[in-house]
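See below for the structure under consideration.
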There are 2 protein chains.
Amino acid sequence: MNNRNSSVTLRDVAAATGVDVSTISRVLQNKGRVSEETRTRILETAERLGYHGNPVARALKTAKSSTVLMVVPQIENPIFASAIIGAEIEARSRGFALLVSYDKGDGREIISDISRSSIIEGVIIASFDDDDRLRQVLKSTDLPHVVLNRHLSGDENCVAIDTRLAARMGVEHLIAMGHRRIGHLAGRLGRFNGDMRRRGWEEAMAAAGLDHGDDLVAQAGYSPDEVPAAVDKLLAVGVTAIHAATLLTAAAAIARLHERDVRVPEEVSVVTMHDDLLARVVYPQVTTVALPSQEMGRVAARRLIDLIQGVTPDGTQPTGNLLLPPDELIVRASVTAL
Amino acid sequence: MNNRNSSVTLRDVAAATGVDVSTISRVLQNKGRVSEETRTRILETAERLGYHGNPVARALKTAKSSTVLMVVPQIENPIFASAIIGAEIEARSRGFALLVSYDKGDGREIISDISRSSIIEGVIIASFDDDDRLRQVLKSTDLPHVVLNRHLSGDENCVAIDTRLAARMGVEHLIAMGHRRIGHLAGRLGRFNGDMRRRGWEEAMAAAGLDHGDDLVAQAGYSPDEVPAAVDKLLAVGVTAIHAATLLTAAAAIARLHERDVRVPEEVSVVTMHDDLLARVVYPQVTTVALPSQEMGRVAARRLIDLIQGVTPDGTQPTGNLLLPPDELIVRASVTAL
DNA sequence: TCACTATGGACAAACGTTTGCTCAAGCAAT
DNA sequence: ATTGCTTGAGCAAACGTTTGTCCATAGTGA
């Protein structure tokens, strides 16, 4: 019907070279035996005609679409934004296209929805923070998949960042700077990353022989709203430093400290993890452990495509969860020595 | 080869109903005349068998893939992140899938790249801030397209937000609060949005009979790095308020003011546009004109799909650039009355 | 009753590939 | 000289749809 420009087909090349389409196809795939002479002739005409193949036809024939889907919860979270970029870069470099779908988390069956309207070979799932629901979704499809940004017990294909280690690094920095009473402004406890970060804080505190009781942790989730109360709670127990679960809550904590006329970092230091522009536009600029969020997306895509293709580049079947180490601590102005 | 579960085909339904595949196809499309009896019988078996059609086969036959591509520069910019979501929501509701591709801006031919590996019916372009390059890219393909986040002279399918009006609204608020000497912390002048915002500031100032000379505008681009110097420049000419081009530069400006021991908003008020979490985690929380960034993505997708389908829902051929009005001014703490 | 038109549905071609099979040469071995 | 193997390439089927064409059957008017 509405033929796009790119409508030079195998048949056209065949006609132009006086050779059968099947031969062309084989040459283009480097499959089967073809004389050197015909091969170059074909390659030349294909090039000259601007032949590029029809991905849809190929997909129909081979049942491989070279397309993967990434389902994200709220893309606004900068960590997912970078993860998408990372995934897209990796996917593209492997000849795959990346479909992105937004999951409002309202229980819609995104995946079957999508795989109904478009053929995908696999899916990267970053949404569904309800483990049970995620398992259920995963079970409802037999698509290759990888779970992003957390580890799901019972699943072998999860890619996450070692936020426990990142937390430890941040807290250890605080300790090295002489802090002894360090509060943990927790994310969502009970969730993978929330728990990991708390454990990291705990480990660092324990290793230094410091108090890490419950009164030193205040949960604030991931939105700014609960931060003020949590900060107040920490202030009440006399912390000299706060380890915030996320950059956003760190910023909110700093804002609260200003509000309470507590000077940062002179009276209270703040450290967190994840580095982006935000860390440089709050005052004082925040000391933070950079996280490989783009790399996480890249690795997830790599694993997914390995899974789809059945092997890793080195020939072995990929398996096991991945935990990416954090990048380094970036020292800015929100922490001071005691 | 590797048949996914969803392999119940038209033929299967045909076999189960004892009717030809063509009839099934017509029933499923509501095309052609089919007796009520066969129709329901077909519908039932299709349902029972879980038939959902093969999008690839359909795409091959009809030359319509129901897939569009969105090319983004840096997705980290929250405005693009929301735009992607908006576009995805609209696309999905119209039965389209959204492919996302990241353009590092290194001159790679993303579009031909992608349309080579996957068939797309149209593209939303948010990258290429070089107008000439964009025009060239657009010319190199005859795909339906819409340009996002700016207007490109000579193109009829651009969707942007009226940042000029947003700027005016912000500045007018400042004026209403009694400010007279208001500096403009500009984005990138020479670019669509940078110019628009400056004009908005100018218009508001002019309308109030206030000074809007060049010494009152300081360019800072969109990254925090150039902000301190620009703020210093504005401080030097004695402004009591700053209108920042973006939320990020507003935050950076506030940070600089703190650094210079200038109290916000008591000594200098700050207003900007775009609302997201960031506006609530800096101290003081920033007064800002909310921008319909998700809506922009939605509208872009709508226009693109209208273009692809040749008509708008009401039957007329879509045409003309779109300029979305800003949402409302959100009053927070960064502005005070003089 | 006969020709004629709706109606409902079957047939088959086509979309652009991939791939198993077949087959003609060419060549070496018997 | 006949057989047998290798090499190169063509033939045709298939992937799962959509759609133009054709053909029965039934219903209409005369």
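Just so we're on the same page: letters track the sequence lines, and every chain starts at 1. Only this structure's heavy atoms are used, side chains among them; waters, hydrogens and symmetry mates stay out.
A sub-4.0 Å separation between OP1 or OP2 of D:dT17 and a side-chain N or O of B:Thr9 is present. The shortest distance between the side-chain N/O atoms of A:Lys31 and the OP1/OP2 oxygens of C:dT18 is not below 4.0 Å. When the side-chain nitrogen and oxygen atoms of A:Gln29 are compared with OP1 and OP2 of C:dT19, one or more of them lie within a distance under 4.0 Å.
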message: For nucleotides 23-28 of chain C, give me one character per nucleotide, 5' to 3': B if any protein heavy atom sits under 4.0 Å from the base, S if the only such contacts are to the sugar-phosphate, - if neither.
response: ------
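Residues passing the side-chain hydrogen bond (donor to acceptor under 3.5 Å, both in side chains) test with B:Glu295 are B:Arg298, sequence neighbours excluded. In this view, A:Arg48 satisfies the salt bridge (Lys or Arg N to Asp or Glu O under 4.0 Å) rule with no residue, not counting sequence neighbours. In this view, B:Glu47 satisfies the salt bridge (Lys or Arg N to Asp or Glu O under 4.0 Å) rule with no residue, not counting sequence neighbours. Scored by the ring pair (Phe, Tyr, Trp, His ring centres under 6.0 Å) test, A:Tyr51 finds no partners at all (sequence neighbours excluded). For the salt bridge (Lys or Arg N to Asp or Glu O under 4.0 Å) test, residues two or more places apart in sequence or in another chain that qualify with B:Arg135 are B:Asp132. Remark: A:Arg11 engages no residue in a salt bridge (Lys or Arg N to Asp or Glu O under 4.0 Å) (not counting sequence neighbours).
The side chain of B:Ala57 sits closest to D:dG16 out of C:dT17, D:dT18, D:dG16. Side-chain proximity of A:Thr23 to the nucleotides C:dC15, C:dT17, D:dG10 is greatest for D:dG10.
Legend: ring-ring contact (aromatic ring centres under 6.0 Å, His included) pairs involving residues 54-96 of chain B, not counting sequence neighbours: none detected. Applying the ring-ring contact (aromatic ring centres under 6.0 Å, His included) rule to pairs touching residues 11-33 of chain B yields nothing, sequence neighbours excluded.
For the residue pair B:Pro144 and B:Leu307, the shortest heavy atom distance occurs at CB-CB, 4.5 Å.
For the helix from C:dT1-D:dA30 to C:dT30-D:dA1, the terminal axes (five pairs an end, C1' atoms, rotation from four pairs onto the next four) enclose an angle of 60°, given to 10 degrees.
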Where do N or O atoms of nucleotides 12-14 of chain C meet protein N or O atoms at under 3.5 Å, pair by pair?
| unit_1 | atom_1 | unit_2 | atom_2 | d |
| --- | --- | --- | --- | --- |
| C:dA14 | N3 | B:Lys61 | NZ | 2.6 |

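Using a 4.0 Å cut-off between charged nitrogen and carboxylate oxygen, A:Asp306 and A:Arg94 count as a salt-bridge pair.
Within residues 32-49 of chain B, no residue is approached by DNA chain D to less than 4.0 Å at the level of any non-hydrogen atom.
A donor-acceptor pair is defined here as one N or O able to donate and one able to accept, closer than 3.5 Å; no such pair exists between the side chain of B:Ser25 and the backbone of B:Val21.
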